[in-house]
S.K.: 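My questions will all concern the structure given below.
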2 protein chains.
Amino acid sequence: MARAATTSDPFNAVGDPQRRQIMVSLARGEASVSTLVGVVGLPQPAVSRHLAVLRQVDLVRCRASGRQRLYRLNEPALEPIHQWLGTFAALWNDRLDRVDTILQEEEP
Amino acid sequence: MARAATTSDPFNAVGDPQRRQIMVSLARGEASVSTLVGVVGLPQPAVSRHLAVLRQVDLVRCRASGRQRLYRLNEPALEPIHQWLGTFAALWNDRLDRVDTILQEEEP
DNA sequence: TTGACACATATCGATATCGCTATATAGTGG
DNA sequence: CCACTATATAGCGATATCGATATGTGTCAA
């Protein structure tokens with residue numbers, strides 16, 4: 001059994017620098033494929049391929065707008081990574097728990 | 001230019017499930033290679049290889065103890081991943097900032 | 001309808017990565 | 001010194017992944 005496919009494992013999907021760059025770019029808001037081609041220095045098919053990978057792990061979603069496709073982040077799909085990181089930051093998580101409690105008390 | 005090597009990019013290094021499992025296991029504390037072989041269901045050379053990868057990106061460190069080598073996590077090496085995630089969690093970060101403030105006020 | 005534009009998909013060669021098997025290195029006990 | 005244990009490294013075949021090129025699909029505009 002080798003590494004889980006990039007198209008099924010968000011960790012692996014995010015293992016590629018170009019895909020991370022695309023995601024950072026999308027953090028600013030929706031963008032068309034051609035816009036992203038301008039951001040990343042890759043030919044359009046390569047970008048479309050990366051977007052397809054990110055779509056399959058649900059890290060990005062897209063909607064049609066005329067002949068363009070506007071891609072946007074799907075932040076909730078980052079949850080597995082957040083959780084995994086949380087495994088190592090017990091101290092940090094403790095603080096977060098306290099935060100939740102405190103914030104809930106603050107604005108009920 | 002393809003994907004950065006697993007031995008140089010922590011994101012890619014962590015893209016492998018077995019390596020993540022090893023890291024989760026190490027979150028409990030130091031462990032020898034043979035212990036980790038028991039945890040992950042892989043032959044010893046495979047585990048040593050994974051550990052070598054994690055060592056090269058400084059995600060784990062090891063010390064000799066007799067004929068064993070005890071591996072442990074090096075949490076600070078997770079910082080790049082934390083930061084990258086932070087890019088997308090603006091809302092979350094806002095809450096964290098508030099937490100810091102609140103906690104500082106609580107216990108000066 | 002025809003042509004141009006925006007994007008997706010298919011295919012290919014080069015490279016990376018995985019787990020496996022065999023072997024090398026190093027510390028320990030007799 | 002010699003076996004034994006614990007771990008690292010080397011080489012191999014199978015598979016995955018990347019970027020590039022070529023082509024398919026769908027939308028708009030004239």
Side-chain angles (χ1 to χ4, degrees), chain A residues 1-23 25-26 29-73, chain B residues 1-23 25-26 29-73:
Chain A
M1 197 200 312
R3 187 196 288 217
T6 56
T7 50
S8 66
D9 180 3
F11 289 87
N12 196 3
V14 150
D16 182 279
Q18 324 280 5
R19 284 196 284 267
R20 288 199 297 276
Q21 190 181 359
I22 289 175
M23 289 181 68
S25 192
L26 290 180
E30 266 184 344
S32 68
V33 176
S34 50
T35 300
L36 293 171
V37 167
V39 173
V40 189
L42 290 177
Q44 173 263 316
V47 174
S48 282
R49 192 85 193 72
H50 283 308
L51 287 169
V53 169
L54 292 174
R55 241 186 315 158
Q56 289 187 68
V57 293
D58 203 32
L59 279 169
V60 305
R61 291 179 178 173
C62 72
R63 65 187 179 92
S65 171
R67 29 186 155 178
Q68 311 198 48
R69 303 225 179 157
L70 298 182
Y71 281 81
R72 64 182 182 286
L73 272 181
Chain B
M1 197 199 315
R3 189 195 287 215
T6 57
T7 49
S8 66
D9 180 5
F11 288 88
N12 196 4
V14 149
D16 182 280
Q18 324 281 5
R19 282 195 285 267
R20 288 199 297 277
Q21 189 181 357
I22 289 175
M23 290 180 67
S25 192
L26 290 180
E30 265 184 344
S32 68
V33 176
S34 50
T35 300
L36 293 171
V37 168
V39 173
V40 189
L42 290 176
Q44 173 264 317
V47 174
S48 282
R49 192 87 196 72
H50 283 308
L51 287 170
V53 170
L54 292 174
R55 240 186 315 156
Q56 289 188 68
V57 292
D58 204 31
L59 279 168
V60 304
R61 292 178 177 174
C62 72
R63 67 186 178 92
S65 170
R67 30 185 155 181
Q68 313 199 50
R69 302 227 180 156
L70 299 181
Y71 281 81
R72 62 181 183 286
L73 272 181

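Residue numbers begin at 1 in each chain, while the letters A, B, ... track the order of the sequences.
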S.K.: Can you give me the closest heavy-atom contact between B/Leu70 and B/Ser65, atom names plus distance?
M.R.: CD1-CB, 3.9 Å
S.K.: Could you tell me the separation between the CG atom of A/Leu54 and the P atom of C/dA8, rounded to a whole number of Å?
M.R.: 12 Å
S.K.: To the nearest 0.5 Å, what is the distance between CG (A/Leu51) and CG (A/Leu26)?
M.R.: 7.0 Å
S.K.: Rounded to the Å, how far apart are B/Arg49 CZ and D/dG11 C1'?
M.R.: 12 Å
S.K.: As an exercise, state the distance from OG of B/Ser32 to CZ of B/Arg69, rounded to the nearest 0.5 Å.
M.R.: 12.5 Å
S.K.: Does any part of the side chain of A/Arg3, heavy atoms only, come nearer than 4.5 Å to the side chain of B/Asn12, both counted from C-beta?
M.R.: yes
S.K.: Taking atom P of C/dC18 as reference, at what distance in whole Å does atom CD of B/Gln18 sit?
M.R.: 9 Å
S.K.: By side chain to side chain contact (heavy atoms under 4.5 Å, CB included), which residues pair with B/Arg20, not counting sequence neighbours?
M.R.: A/Asp9, A/Phe11, A/Trp84, B/Val14, B/Pro17
S.K.: Between C/dT9 atom C1' and A/Arg55 atom CZ, what is the distance in whole Å?
M.R.: 11 Å
S.K.: Pair A/Thr6, A/Arg19 - check side-chain contact (heavy atoms from CB on, under 4.5 Å), show working.
M.R.: CA-CA 11 Å; A/Thr6 56; A/Arg19 284 196 284 267; 3.6 Å; yes
S.K.: How long is the span from the CZ atom in B/Arg55 to the OG atom in B/Ser48, to the nearest 0.5 Å?
M.R.: 8.0 Å
S.K.: Taking for each residue the nucleotide of DNA chain D with the nearest heavy atom, is it A/Ser65 or A/Ala46 whose nucleotide lies nearer the 5' end?
M.R.: A/Ala46
S.K.: Would B/Leu42 and B/His50 count as a side-chain contact (heavy atoms from CB on, under 4.5 Å) here? Give the steps.
M.R.: CA-CA 10 Å; B/Leu42 290 176; B/His50 283 308; 4.0 Å; yes
S.K.: Could you run down nucleotides 2-7 of chain C 5' to 3' and tag each one B, S or - for protein heavy-atom contact under 4.0 Å?
M.R.: --BBSB
S.K.: Which pairs, protein N/O on one side and nucleotides 12-17 of chain D N/O on the other, fall under 3.5 Å?
M.R.:
{"unit_1": "D/dT17", "atom_1": "OP1", "unit_2": "A/Thr6", "atom_2": "N", "d": "2.7"}

S.K.: So does B/His50 get a side-chain nitrogen or oxygen closer than 4.0 Å to the phosphate oxygens (OP1/OP2) of C/dG19?
M.R.: yes
S.K.: Please report the distance, rounded to the nearest Å, between CZ in B/Arg63 and P in D/dA6.
M.R.: 17 Å
